[in-house]
Amino acid sequence: MAAQINPSILSADFARLAEEARAVEGADWLHVDVMDNHFVPNLTLGVPIVESLSRATDIPLDCHLMIEDPDRWAPQYVEAGAGSVTFHAEAAAAPVRTAREIRAKGARASMALKPATPVEPYEDLLPELDMLLIMTVEPGFGGQSFLDIMLPKIRRTRQLIAKHGLQLWLQVDGGVSASTIERCAEAGADVFVAGSAVYTTDDPAAAVRMLRHQAEEATAKAPWACAH
Ligand SMILES: O=C(CO)[C@@H](O)[C@H](O)COP(=O)(O)O
Ligand SMILES: [Fe+2]
């Protein structure tokens with residue numbers, strides 16, 4: 001699969017979300033960070049804004065739920081128009097049921113792991129998912145520094161995907177920029193969330209194109225991609 005770049009609107013101007021979505025034309029997905037001030041110490045937006053945003057843009061929405069009780073809320077984000085819904089493993093009481101409900105409603109099901117959460121306990125669940133998100137910062141805020149110590153987890157996850165012959169997408173989120181995206185791609189990520197690296201530039205669409213180019217060049221040289 002070609003590298004996908006998902007700009008995070010957490011770094012956009014929330015008063016001009018429709019315009020900010022247009023500014024990243026060509027992006028694969030628009031990453032929408034939903035925070036409830038309980039699972040993470042920050043508060044962003046909820047179902048009504050996702051509904052409006054999905055009407056305002058043709059770019060599919062990749063909703064990253066950093067909330068408690070995602071089992072209850074995740075299906076509502078599919079109904080609101082999200083094409084992909086990510087819930088956190090640390091917050092879900094019934095991740096298999098929640099993933100199945102997301103898929104049954106017609107969206108891609110994805111699960112996220114905080115930096116201290118290992119992937120291995122979830123190996124048997126991977127076939128239930130369309131994407132796994134490895135957080136490369138502690139969730140809650142944009143503009144943080146990329147955690148290099150997550151690279152081994154990305155590599156191990158890519159090996160698990162190969163071992164089971166899965167079509168699972170592997171997303172990284174947090175501190176992804178021109179200076180870190182190549183390391184992520186080499187390690188095995190194929191979906192890249194970038195907030196500040198896209199929205200703090202004068203030309204967000206050009207930043208998306210540049211990040212995609214860098215990721216694809218790095219992937220072409222990566223041992224995991226050559227083995228395909
Ligand atoms: O989920 C989160 C933060 O919790 C992210 O999606 C951030 O929005 C990424 O921002 P940058 O680190 O790319 O600035
Ligand atoms: Fe996110």
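One-based numbering, in listed order, for ligands and for the atoms of each.
Between the side chains of Asp130 and Ser84, not a single donor N or O lies within less than 3.5 Å of an accepting N or O.
A donor-acceptor distance shorter than 3.5 angstrom exists from the side chain of Lys153 to the backbone of Thr117, with no hydrogens or angles considered. A donor-acceptor contact shorter than 3.5 Å links the side chain of Arg103 to the backbone of Glu128. Gln214 places a side-chain N or O within 3.5 Å of a backbone atom of Ala178 that can act as its donor or acceptor partner. For the pair Thr98 (side chain) and Pro70 (backbone), a donor-acceptor distance under 3.5 Å is absent.
Between Gln4 and Trp169 the shortest side-chain heavy-atom distance falls below 4.5 Å. Two residues are said to be in side-chain contact when any heavy atoms from C-beta on lie closer than 4.5 Å; Ile161 and Gln167 fail this criterion.
Of the candidates Thr86, Asn6, Thr44, Asp173, His64 forms a side chain to side chain donor-acceptor pair (under 3.5 Å) with just one, namely Asp173. Residue Leu61 forms a side chain to side chain contact (heavy atoms under 4.5 Å, CB included) with just one option from Ile9, Leu53, Val85, and that option is Leu53.
Protein neighbours of ligand 1 below 4.0 Å, counting non-hydrogen atoms: Ser8, Leu10, His31, Asp33, Met35, His64, Met66, Met135, Pro139, Gly140, Phe141, Gly142, Gly143, Asp173, Gly174, Gly175, Val193, Ala194, Gly195, Ser196.
If you look at the Fe ion (ligand 2), the protein N, O or S atoms less than 2.8 Å from it are His31 NE2, Asp33 OD1, His64 ND1, Asp173 OD2.
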